[in-house]
Amino acid sequence: MDNSFDSTLPLGAYEQKGYLDQDFKFFHIKNHEKLDIPYHYHDFHKIVLILSGRTKYYIEGREYELLPFDFVIVNRFLIHKPEVTSDEVYDRIILYLSDDFLKKYNLMDAFVKSKEIGSSVVRLPGESSASIFEQFLQIEEDIRNEKDEYAGELITRIDVLKALISFNRACIAEDFGFKPEARYNRKVIEIITYVNDNLGKDLSIDLLADRFYMSKYHMMRIFKNETGYSIHQYISEKRIILARNLIISGMPATSACLECGFKDYSSFSRAFKNQLGMLPSEVKI
């Protein structure tokens, strides 16, 4: 199992948008230059531990100013991007985690709490963050020695589970850990919430503008500024994500098309292909 990442590799060497074909992946990455990473989303969950570098994280219309030893929780399918704001070394540890893996071991608490509270950044007391950091370093050491150690892959898996248990415990115990303030436009967050709750309904620009008492041009402009996506693009991507999950769960593609707000199958199929690189009929169930 390839769980490691060489921190000397260029940014493009790891997945910026896509799917995780194993339970987890671990990266320790250092960049010595400013990065321009586009908005993207993943089919998996992600934990990022910031070690150094002046960094902002943008997640679904919210902007977070990060400090060393902040943890960033990114639930699957959330549109996000980091922004490195200085020439300092950007050093971070990243865990990619499949949804099935977390649910199998009942380790979703931090991700659920992040969604409930509406915050994606955890700032734990020094003792807690230092302990989890040490566990992450142990995982890095495990991966380095996997091929030489007896049951090396199993040792890595056990230590990943231990680190996730510690992280979830800390998030449950420390309510104040989720309090780092995010900058956001209240109207944009309201639009995002409404869209995600009503993907199968009419979400025309005119309807949204009327619902939120805004001119449609002003609404489109601020949404783009705050999220990096046009409203049309955001709605389309969220609908395709939902449709894919419905198809995987066994729903016929034609039914998923209608369930997710598309008016005809041809436009649905074209959007699906453009976004995911496959036709709805090619999704593996």
Side-chain angles (χ1 to χ4, degrees), residues 15-25 38-46 59-61 73-81 96-109 111-112 114-116 188-212 216 219-220 223-224 227-285:
E15 300 94 330
Q16 292 187 47
K17 178 179 177 179
Y19 310 98
L20 185 63
D21 59 1
Q22 56 199 67
D23 287 339
F24 60 86
K25 275 189 132 180
Y39 281 98
H40 58 285
Y41 64 87
H42 302 291
D43 190 46
F44 45 84
H45 304 282
K46 179 166 70 172
I59 303 175
E60 294 277 338
I73 295 175
V74 185
N75 274 277
R76 67 196 303 226
F77 305 132
L78 293 189
I79 293 169
H80 63 282
K81 77 165 189 171
Y96 288 174
L97 300 156
S98 80
D99 191 60
D100 289 341
F101 175 65
L102 290 174
K103 287 178 177 176
K104 176 181 179 180
Y105 293 101
N106 197 26
L107 291 170
M108 287 291 298
D109 296 272
F111 294 93
V112 171
S114 171
K115 184 177 180 180
E116 290 175 348
V188 171
I189 297 301
E190 289 174 357
I191 293 168
I192 286 173
T193 301
Y194 182 80
V195 164
N196 282 284
D197 288 343
N198 295 278
L199 289 171
K201 299 179 181 178
D202 179 13
L203 293 173
S204 67
I205 296 297
D206 288 336
L207 180 145
L208 291 172
D210 288 344
R211 181 175 184 84
F212 292 99
K216 62 183 180 180
M219 180 183 69
M220 289 188 291
F223 193 93
K224 175 75 171 180
T227 68
Y229 275 59
S230 69
I231 293 180
H232 174 76
Q233 181 187 16
Y234 182 86
I235 293 170
S236 178
E237 295 221 6
K238 290 292 184 173
R239 280 175 165 166
I240 293 298
I241 290 169
L242 175 59
R244 174 182 171 272
N245 290 341
L246 291 174
I247 293 169
I248 289 173
S249 70
M251 181 179 288
T254 50
S255 300
C257 164
L258 298 174
E259 188 74 19
C260 297
F262 288 91
K263 295 181 179 178
D264 62 85
Y265 190 81
S266 61
S267 61
F268 167 66
S269 182
R270 186 168 55 252
F272 201 100
K273 174 75 170 179
N274 288 339
Q275 184 172 326
L276 300 181
M278 67 179 74
L279 294 171
S281 58
E282 296 172 335
V283 173
K284 294 181 180 179
I285 300 175

Atom NZ of K46 and atom CD1 of I73: how far apart are they, to the nearest 0.5 Å?
12.5 Å

Minimal non-hydrogen separation, F111 against L107, with atom names
CD1-O, 4.4 Å

Output side-chain donor-acceptor pairs under 3.5 Å for residues 249-259, partner residues at least two apart or in another chain, one line each.
from : atom 1 : to   : atom 2 : distance (Å)
S249 : OG     : N245 : O      : 3.4
S249 : OG     : L246 : O      : 2.6

Could you check whether any side-chain N or O of S267 sits under 3.5 Å from a backbone N or O of D264, counting only pairs where one atom can act as donor and the other as acceptor?
yes

Assign the ring pair Y194 / F212 to parallel, tilted or perpendicular, where the plane angle (0 to 90°) is split at 30° and 60°.
perpendicular

Nearest heavy-atom approach of S230 to K224 is N-CD, 3.9 Å

Please say whether more than 12 non-hydrogen atoms of neighbouring residues, nucleotides or ligands are located less than 6.0 Å from NZ in K273.
yes

Determine yes or no for a side-chain-to-main-chain donor-acceptor pair under 3.5 angstrom, with H45 supplying the side chain and L97 the backbone.
no

CZ-CG distance between R211 and D202, expressed to the nearest 0.5 angstrom
11.5 Å

Taken to the nearest 0.5 Å, the spacing of I235 CD1 from I240 CD1 works out to 12.5 Å

Under the rule for salt bridge (Lys or Arg N to Asp or Glu O under 4.0 Å), what residues qualify as partners of D206, not counting sequence neighbours?
K216

Does the side chain of Y96 come under 3.5 Å of the side chain of D23 through a donor N or O and an acceptor N or O?
no

Assess the residue pair F44 and D99 against the criterion (side chain to side chain contact (heavy atoms under 4.5 Å, CB included)); give the C-alpha distance rounded to whole Å, side-chain angles, the decisive distance to 0.1 Å, and a yes or no.
CA-CA 6 Å; F44 45 84; D99 191 60; over 6 Å; no

Would Y229 and F223 count as a close aromatic pair, with their ring centres under 6.0 Å?
no

Please step through side chain to side chain contact (heavy atoms under 4.5 Å, CB included) for the pair V283 and I248, ending with a clear verdict.
CA-CA 7 Å; V283 173; I248 289 173; 3.6 Å; yes

Working to the nearest 0.5 angstrom, can you tell me the gap between H232 NE2 and L203 CG?
11.5 Å

So which pairs with a foot in residues 266-285 pass ring pair (Phe, Tyr, Trp, His ring centres under 6.0 Å), sequence neighbours left out?
F262-F268, Y265-F268, F268-F272

Can you see which heavy atom on L276 is nearest to which on R244, and at what distance?
CD1-CD, 3.6 Å

With side chain to side chain contact (heavy atoms under 4.5 Å, CB included) as the criterion, how do M219 and I231 come out once you've worked through the C-alpha distance, each side chain's angles and the decisive distance to 0.1 Å?
CA-CA 9 Å; M219 180 183 69; I231 293 180; 3.6 Å; yes

Rounded to the nearest 0.5 Å, the OG atom of S269 sits from the CE atom of M278 at a distance of 12.0 Å

What's the spacing between I79 CD1 and Y41 OH if we round to 0.5 Å?
7.5 Å

Heavy atoms only: give me the nearest K81-P38 pair and the separation to one decimal.
CB-O, 3.7 Å

Polar contact flag, side-chain donor to acceptor under 3.5 angstrom, Y234-E60:
yes

Could you please spell out the steps behind the side chain to side chain contact (heavy atoms under 4.5 Å, CB included) verdict for H42 and H80?
CA-CA 9 Å; H42 302 291; H80 63 282; 3.4 Å; yes

Hey, is the main chain of C260 close enough, under 3.5 Å, to the side chain of R239 for a donor-acceptor pair?
yes

Which atom of N196 lies closest to which atom of I192, heavy atoms considered
ND2-O, 2.8 Å

